[in-house]
J.: 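I have a structure here, written as structure tokens, and I will follow up with some questions on it.
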Amino acid sequence: MVNVPGRSKGCKTCRRRRVKCDEAKPYCGRCTKGGYQCDGYVEFVEFHDETKRFTQNWPRAESSLVRSTSTHAETKIPLWIGTPTRDEDNIFTTHLVHKIFNQRDPEAVHLASTISFHLNQPDIKTATDKSLALSKTSLRALSTTYFGQVQHHPDFLYRGSRWYSDALKELQLQLYHPHHVLSEDLLVVIIYLAMYESIAFTVPNAWLQHYKGLARLTAFRGPERHIHGVGFALYPTLRQNIAIAYIANRKRCFLEEPQWKTIPWADKPESKTLIDCLHDIMCDAPGLLEDVDSFMVGGDEMARPGLCQKAIAMLEELYIWRWKWQHTYPDASYIISAEVSMQDSTSTSVPRPFETILWFHDFSRAQELCFYDSILLIVLRMCEFLHCHFDPTSRESMNDPLLPMEGSRRDIAIEILRMVDYHLDCLQGSVGALMLIFPLNVARRNLELDSDIAWLDQVMAQIADTHGFELGRAHNVEYITK
């Protein structure tokens with residue numbers, strides 16, 4: 001349940017040690033006196049997954065549907081579905097947080113805190129509180145649908161679709177409201193709805209349309225609204241999702257403009273992280289794709305040298321970033337045998353196209369390397385179209401993981417595949433599966449052997465079946481990367 005009454009408010013270290021905390025701030029006296037490092041206090045509501053208890057004696061989905069009347073016999077829509085109970089709301093939402101927002105990076109912590117706030121608000125119907133009502137409706141759509149998808153309960157999928165329909169109608173109204181259209185809450189709502197579409201996949205490009213809408217709202221708000229507070233906390237999530245949408249659409253992104261890479265960190269430049277710097281390069285990729293597409297269609301040879309120069313400059317930026325990452329996290333990963341890791345979601349009828357797996361000490365490092373490889377593949381492929389690619393080093397001298405200038409496009413794509421097991425490890429919940437959708441689709445575009453693609457397709461199907469993200473299935477790949 002959420003925010004269980006009577007739960008200890010002590011620091012994380014004392015709670016882990018199962019001793020009484022004196023709750024001194026910012027660090028407890030018991031840790032200080034005992035020589036322990038105090039990890040501070042939980043700054044947002046903690047979520048505990050109660051799914052197993054909730055579904056233990058639940059009837060199967062088929063038997064849970066109330067017999068329909070003749071009017072509804074063809075559609076098989078359950079007649080009993082109405083307003084969810086408070087307990088159901090709690091269960092669906094805590095399940096969502098436990099599985100997807102369970103990391104401790106700033107974006108996940110912020111979204112978990114926001115979800116907690118939305119969940120604990122009463123149902124509101126007054127005109128002045130429509131914005132808060134929309135947040136809660138869209139959250140219900142996402143959490144109910146996600147729960148129904150992974151638990152295979154079509155009745156909850158139907159209920160989630162009704163919440164989604166209500167949210168879309170209200171969203172249209174909010175977009176014309178002069179105050180609400182600039183609020184961070186509306187950005188969160190669209191993130192909820194885009195995630196809903198990545199699960200339900202009602203229309204092939206609906207997820208893309210939501211992210212395009214997110215882009216328009218972000219551009220309208222301007223970079224200054226992302227310097228502090230919620231806007232700043234959301235900015236990495238916004239940039240990554242918007243960049244993916246523009247890459248899928250192969251159109252130049254407004255986020256490539258210098259002000260979007262500098263103004264949000266103007267007051268605290270030291271807070272710009274390595275993933276922020278990688279997002280800077282990622283936001284340039286859609287422009288390169290658009291320019292190369294125009295060149296391939298127009299065939300103006302005078303444009304080739306300039307495009308080659310742009311592509312090579314992006315490669316150099318990526319390589320500089322990779323060396324900095326290597327220097328900052330020299331021991332971020334290690335190698336294990338593929339036979340040691342036997343994830344259920346990667347047990348396929350096709351042999352793995354690799355013998356060893358990349359494992360990490362920190363989930364953030366895995367995300368960073370996976371997205372670096374993805375962007376690198378996109379740029380290398382454009383370089384090959386332009387006949388200006390770099391020659392990789394010989395196979396005998398390659399490091400593991402690959403360093404700049406090492407490996408072919410297939411080698412880099414296989415490196416992404418070698419990170420699948422770690423991302424799908426149970427400790428990552430479903431967030432690892434969500435983070436893999438874009439990199440795996442990029443990798444698939446760079447594999448030529450049928451055996452490589454067959455293994456990847458089976459893994460992608462199992463990810464969709466186990467974690468509920470229909471967007472990730474191989475036959476939907478054309479809607480993500482072209």
J.: Flag the pair D293 and R250 as a salt bridge only when some basic side-chain nitrogen lies within less than 4.0 angstrom of an acidic carboxylate oxygen.
T.: yes

J.: Please determine, by modelled atom types, if Y329 and E368 share a side-chain donor-acceptor pair under 3.5 angstrom.
T.: no

J.: Taking atom types as modelled, find out whether Y192 and S143 have a side-chain donor-acceptor pair closer than 3.5 angstrom.
T.: no

J.: Salt bridge or not between R221 and E184? Use side-chain N to carboxylate O under 4.0 Å.
T.: yes

J.: Between L289 and N249, is any pair of side-chain heavy atoms under 4.5 Å apart?
T.: no

J.: Please check if any side-chain donor atom of Q174 sits under 3.5 Å from a side-chain acceptor atom of E170, or the reverse.
T.: yes

J.: Check this for me: D450, atom CG, are more than 12 non-hydrogen atoms of other residues, nucleotides or ligands nearer than 6.0 Å?
T.: no

J.: Can you say whether the rings of H361 and Y334 are parallel (under 30°), tilted (30 to 60°) or perpendicular (over 60°)?
T.: tilted

J.: Under a 4.0 Å N-O cut-off, is there an ion pair linking R252 with D284?
T.: no

J.: Verify the neighbour count for atom NZ of K324: are there more than 12 heavy atoms of other residues, nucleotides or ligands below 6.0 Å?
T.: no

J.: Under a 4.0 Å threshold between the charged nitrogen and the carboxylate oxygen, would R418 count as salt-bridged to D373?
T.: no

J.: In terms of the angle between their ring planes, are Y235 and W260 parallel, tilted or perpendicular, with boundaries placed at 30° and 60°?
T.: parallel

J.: Going by an N to O cut-off under 4.0 Å, is there a salt bridge joining R473 and D457?
T.: no

J.: Between H210 and Y196, is a ring-ring contact (aromatic ring centres under 6.0 Å, His included) present by the stated rule, with each step listed?
T.: CA-CA 10 Å; H210 281 309; Y196 169 93; 8.4 Å; no

J.: A quick test of your reading: do over 12 heavy atoms of other residues, nucleotides or ligands sit less than 6.0 Å from CD of E301?
T.: yes

J.: I'd like to know if the side chain of S294 pairs up with that of D291 as donor and acceptor (distance under 3.5 Å, no hydrogens or angles considered).
T.: no

J.: Is it true that H153 and F147 have ring centroids separated by less than 6.0 Å?
T.: no

J.: Determine whether the aromatic ring centres of W325 and Y372 lie less than 6.0 Å apart.
T.: no

J.: Give a yes or no on whether a salt bridge exists between E256 and K261, defined as a side-chain N under 4.0 angstrom from a carboxylate O.
T.: no

J.: Within the 3.5 Å criterion, strictly below it, is a donor on T202 or E197 matched to an acceptor on the partner's side chain?
T.: yes

